[in-house]
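Written below as structure tokens is the structure these notes are about.
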Amino acid sequence: ILDLSGFTAFGERLKKELGDREGAAEFANRVNTILSTMVEVVYEFGGDVLMFAGDALICFFEERADKNTSNSDDTVSMESATRTRVRDCCLRILGDDRVGGDRDFTIHGGAAHGLVRSFFLGKSSATPG
């Protein structure tokens, strides 16, 4: 989970400085830039964005064998490689000037590791959607 905080204070400051219309436009532009950058970086590191939860991204990083690992059944190596990808993804997001350089917002993150079971409801379809 990557959470962007500081929305309320930033929105109120922009409204006071720029007025309702211009403040809202600037707010939307900044938030869009930050969230878009965060999504791009998650994809770059092989993750998926499952959903937006308000001002947060809920992401998923599937375990996969490291390119340098000869035995794809080595689960310890896959777990380590996945944790490294998640860590490096977060560090890249924080180091990106479009995100980490924005002093009006703070990014908080949390990660969990473990088995994920998934299932699909409904009947299969040849056409998604």
Side-chain angles (χ1 to χ4, degrees):
I1 296 177
L2 293 168
D3 180 50
L4 193 59
S5 56
F7 271 68
T8 303
F10 181 61
E12 289 173 358
R13 184 170 60 81
L14 286 179
K15 181 178 178 181
K16 183 183 265 187
E17 290 175 5
L18 303 175
D20 289 344
R21 187 177 189 145
E22 293 296 320
E26 177 63 19
F27 180 84
N29 183 46
R30 295 270 295 279
V31 170
N32 184 51
T33 298
I34 291 170
L35 291 177
S36 296
T37 301
M38 291 168 70
V39 169
E40 288 172 19
V41 174
V42 167
Y43 288 153
E44 179 184 332
F45 280 87
D48 288 310
V49 176
L50 300 180
M51 68 184 297
F52 288 88
D55 58 353
L57 302 179
I58 298 178
C59 308
F60 179 77
F61 288 82
E62 185 175 3
E63 273 186 3
R64 61 179 188 223
D66 190 316
K67 295 173 186 169
N68 300 324
T69 304
S70 58
N71 182 358
S72 63
D73 292 330
D74 185 0
T75 56
V76 173
S77 179
M78 288 193 317
E79 289 173 6
S80 177
T82 302
R83 284 192 302 269
T84 299
R85 280 190 305 134
V86 171
R87 181 201 66 213
D88 291 349
C89 175
C90 291
L91 291 174
R92 173 79 59 82
I93 286 171
L94 292 174
D96 191 301
D97 287 339
R98 296 170 293 176
V99 178
D102 194 316
R103 301 296 175 219
D104 292 311
F105 296 104
T106 304
I107 299 173
H108 302 278
H113 181 268
L115 179 66
V116 175
R117 297 185 191 273
S118 63
F119 56 92
F120 298 95
L121 299 175
K123 62 181 182 174
S124 61
S125 172
T127 57

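Just so we're clear, the structure is a prediction, and the values are computed from it rather than from any experiment. In this chain, residues are counted from 1 in sequence order.
- One hydrophobic cluster, built from ILVMFWY side chains closer than 4.5 Å, holds both I93 and F52.
- In this structure, E40 places its CD atom where more than 12 heavy-atom neighbours from other residues, nucleotides or ligands lie under 6.0 Å away.
- Taking CG from D3 and CD1 from I107, the interatomic distance works out to 9.5 Å, rounded to the nearest 0.5 Å.
- Minimum interatomic distance between L2 and C90 (heavy atoms only, all atoms of both residues): CD2-SG, 4.0 Å.
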Item to complete: Determine, step by step, whether F105 and F10 satisfy the ring-ring contact (aromatic ring centres under 6.0 Å, His included) criterion, reporting the C-alpha distance in whole Å, the side-chain angles of both residues, the deciding distance to 0.1 Å, and the verdict.
Response: CA-CA 8 Å; F105 296 104; F10 181 61; 4.9 Å; yes

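- Side-chain contact check for L4 versus L35: some heavy-atom pair is nearer than 4.5 Å.
- Among all heavy-atom pairs drawn from E62 and T82, the shortest one is O-OG1, 4.1 Å.
- Linking Ile, Leu, Val, Met, Phe, Trp and Tyr residues whenever their side-chain heavy atoms come within less than 4.5 Å places M38 and Y43 in a single cluster.
- Side-chain contact between V42 and C89: present, with at least one pair of heavy atoms (C-beta onward) separated by less than 4.5 Å.
- For the pair F7 and F27, the tightest heavy-atom approach, listed with the atom from each and the gap, is CD2-CZ, 3.2 Å.
- Side-chain atoms of S5 come within 3.5 Å of backbone N or O of T106 as a donor-acceptor pair.
- If you take CD on E63 and CZ on R83, they are separated by 8.5 Å, rounding to the nearest 0.5 Å.
- Within the 4.5 Å cutoff, the side chain of I58 has no heavy atoms near those of the V49 side chain.
- Scanning both residues, G47 and R85, for their nearest heavy atoms gives N-NH1, 4.5 Å.
- Of the charged side-chain nitrogens involved, none lies within less than 4.0 Å of a carboxylate oxygen, so that K16 and E12 do not count as a salt-bridged pair.
- Within the 4.5 Å cutoff, side-chain heavy atoms of E17 are placed close to those of R13.
- No more than 12 heavy-atom neighbours from other residues, nucleotides or ligands sit within 6.0 angstrom of CD1 on I1.
- A pairwise comparison of heavy atoms in E22 and L18 identifies CB-O, 3.4 Å as the closest pair.
- Residue L94 is grouped with residue L57 when hydrophobic side chains (ILVMFWY) are merged at heavy-atom distances under 4.5 angstrom, including chains of intermediate members.
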